[in-house]
Amino acid sequence: MGVFDVIGPIMIGPSSSHTAGAQRIGLMAHLIFNDLIKNIEVYFHGSFAHTYKGHGTDRAIIAGILGIDLGDEKIKQSLDLVKKKKISFSFRTIDLKDAHPNSVKIILSNDNKRLTMIASSIGGGNIILSRINEYEVNIKGKFFTLWIIHKDKPGQIAFITSILEKSEINIAYMSVFRKNRGKLASSIIELDQNVDEKIINLLKKQEGIKDIRFIPSLF
Amino acid sequence: MNYSKIEDLIKYANMKEENISEIIINCEMEESNRNRKEIIDDMRERYSTMKKAIKRGLKGEIKSITGLTGGDAKKIYNFEDNMFNNLYQLIIAASIATSEVNASMGKIVGAPTAGSSGIIPGVIWSLGKIYNLKEKDLLLALFTAGGLGEIVSKKTNLSGAEGGCQAECGVASAMAAGAAVELLGGRPNMVSSAFALALKNLLGLTCDPVAGLVEIPCVKRNGFAASHAITAAFMALAGVKSIIPADQVIDAMCDTGKLMPTVLKERAQAGLAVTPTACEISDKFGI
């Protein structure tokens, strides 16, 4: 955390973990799904499950999913807004085993696609996204982040980093996860600089790159 | 910021003969690649939100949705009695004003969290008012508070769910104590003592909110933690030292947090949250 994470964020109360953190998790889902939403399923785990009504966690997550930013008073009307947009939504509780006490599983869907995300609100408004669909990830949303699904074979990472190097984009943190050797892997690359469409298109061209998602910084 | 121990931060500040706030600002400039003006402006924006929340809360026109909190800051602010020192009265009123705004889903600044958001602003703003201090000095104090909190955040998440209220109001109180010392002209060693004294004496504070809301005891607790902070600051400025160094107090807090039963860490399943009155409240609001 930097000094502005500790003295910050500017937010709507009442809770950093349960309101601001939840809203940021919703915003992450909104940015990753990046499409019109028809249905929202929210599953609360742990402390979230016990206290979500009192902390406005339900309103906060929906506000984030609708793209409403921290500090925007519209969060208070988010449940009305989502109904107006004719988006169906539900809140349930779930046991996510060893997950952080403030964790949530979100499923966003429309007729063509579906996103399942598991994320935790770890305090002070900070979040960790630990799962996107079937992939394990570790995204905190503090940097411009590239999430790339690619074949698990030599040269893939080198190709990605060489494109970034040519555009003078510096990598702050990077991790590569794979499920099975030789199948698909997911790379998370957190960057100091923004990435534009051109670079994403260049990356998409490489044989072996299955999917790319760019997540702007939430902080 | 690359300091992970308060001891190192103090050593460096002493060596450079600078206030802690200067060290923190320089670290932030380096880390974020931004200039001094941008960083100070960022803090000014946060302080502006803090001031607005205090003023809104002191007017007393807000109430939470449940109606359980709201209006007490105004009572305290307007209470006319010669027994209580002006600074003390203003600090408590301003802290509770902010936490009341927070509880009513108003706009505040997490410092370090929303539940503890009244403590640092309450102390800093009030000192500014009573001693007629310049805003630029109040902003510097906020950097000191932030730097101290950042060190704690490297060891543990600042959330009631993980460490109990000692990790939120305890830490905020300690941050405010340290910041107040610098603001009132104390040396870095005194900042560290104030921080340690404040945190040490809130160890074991649990998170057992009634009906799982951020209202009882949270709202009024901000007033207690703010007065606790100024107590620590006064002691430190008077030359009282903390025998246990700040970093060891932080470690003790982390250990205590891990040992704390889960039901007393923001699950609303024990303590105040299961008193007969709390159960009535939970039933009434269907929570």
Side-chain angles (χ1 to χ4, degrees), chain A residues 1-24 45-57 59-60 63 70-78 99-103 120-128 142-143 170 172 192-193 219, chain B residues 1 24-25 27-28 31-33 39 42-43 45-46 49 64 66 101-115 117 120 142-143 145-150 153-154 156-163 167-168 175 209 211-215 218 262 265-269 285-287:
Chain A
M1 283 172 94
V3 71
F4 289 115
D5 290 325
V6 182
I7 308 289
I10 296 175
M11 54 172 276
I12 302 297
S15 167
S16 303
S17 312
H18 296 244
T19 325
Q23 194 174 352
R24 277 190 171 133
H45 159 88
S47 170
F48 262 179
H50 290 120
T51 56
Y52 74 86
K53 286 197 189 137
H55 290 164
T57 313
R59 282 191 259 185
L70 257 54
D72 187 337
E73 316 250 8
K74 282 207 280 289
I75 179 182
K76 291 187 259 196
Q77 289 91 37
S78 66
H100 184 281
N102 292 328
S103 294
S120 306
S121 176
I122 60 172
N126 291 293
I127 61 167
I128 296 185
K142 291 198 173 169
F143 292 90
N170 192 49
D192 284 333
Q193 289 86 21
F219 286 62
Chain B
M1 175 189 57
I24 304 301
I25 291 170
C27 286
E28 185 61 29
E31 275 269 325
S32 66
N33 208 25
I39 288 168
D42 216 335
M43 194 60 92
E45 198 198 345
R46 278 152 167 76
T49 304
S64 61
T66 59
V101 168
N102 181 58
S104 66
M105 283 192 97
K107 194 161 164 179
I108 49 91
V109 181
T113 63
S117 58
I120 293 167
L142 289 175
F143 280 102
L148 294 168
E150 213 188 323
S153 76
K154 290 186 183 192
T156 185
N157 288 325
L158 302 176
S159 76
E162 258 195 56
E168 292 199 31
M175 289 163 67
L213 303 163
V214 190
E215 297 199 59
C218 321
T262 306
K265 291 193 281 192
E266 208 179 23
R267 304 309 195 279
Q269 290 177 316
F285 293 104
I287 298 169

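To find a chain, count down the sequence lines: A is the first, B the second, and so on, and within it residues start at 1.
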Between [X] and [Y], which heavy-atom pair has the shortest distance, and what is it?
| X | Y | value |
| --- | --- | --- |
| N102(B) | S117(B) | CB-OG, 4.0 Å |
| T19(A) | G13(A) | CG2-O, 3.7 Å |
| I24(B) | V3(A) | CG2-CG2, 3.9 Å |

Using modelled atom types only, decide if a donor and an acceptor are shared between the side chain of [X] and the backbone of [Y] within a distance under 3.5 Å.
| X | Y | result |
| --- | --- | --- |
| R59(A) | S78(A) | no |
| T57(A) | H18(A) | yes |
| T113(B) | G110(B) | no |

Tell me which of these, [options], has more heavy-atom pairs under 4.5 Å with chain A than the rest.
| options | value |
| --- | --- |
| E162(B), Q269(B), M105(B), M43(B) | M105(B) |
| N33(B), T66(B), I39(B) | I39(B) |
| I25(B), T49(B), D42(B) | D42(B) |
| R46(B), E215(B), R267(B), E45(B) | R46(B) |

Taking every heavy-atom pair that is under 4.5 Å apart, which of S16(A), S15(A), G71(A), G56(A) has the most such pairs with chain B?
S16(A)
Output the option from L70(A), D72(A), I12(A) having the highest count of non-hydrogen pairs under 4.5 Å with chain B.
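Of the candidates given, the most pairs with chain B belong to I12(A).
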So what's closer than 4.5 Å to chain B heavy atoms on S17(A): side chain, backbone, both or neither?
side chain
F48(A) and side-chain contact (heavy atoms from CB on, under 4.5 Å): which single residue from S103(A), S121(A), S120(A), P101(A) fits?
S121(A)
For F285(B), is it the side chain, the backbone, both, or neither that has a heavy atom closer than 4.5 Å to a heavy atom of chain A?
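When you check distances to chain A, no heavy atom of F285(B) falls under 4.5 Å.
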Heavy-atom proximity to chain A below 4.5 Å, by part of A161(B)
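Both the backbone and the side chain of A161(B) come within 4.5 Å of chain A.
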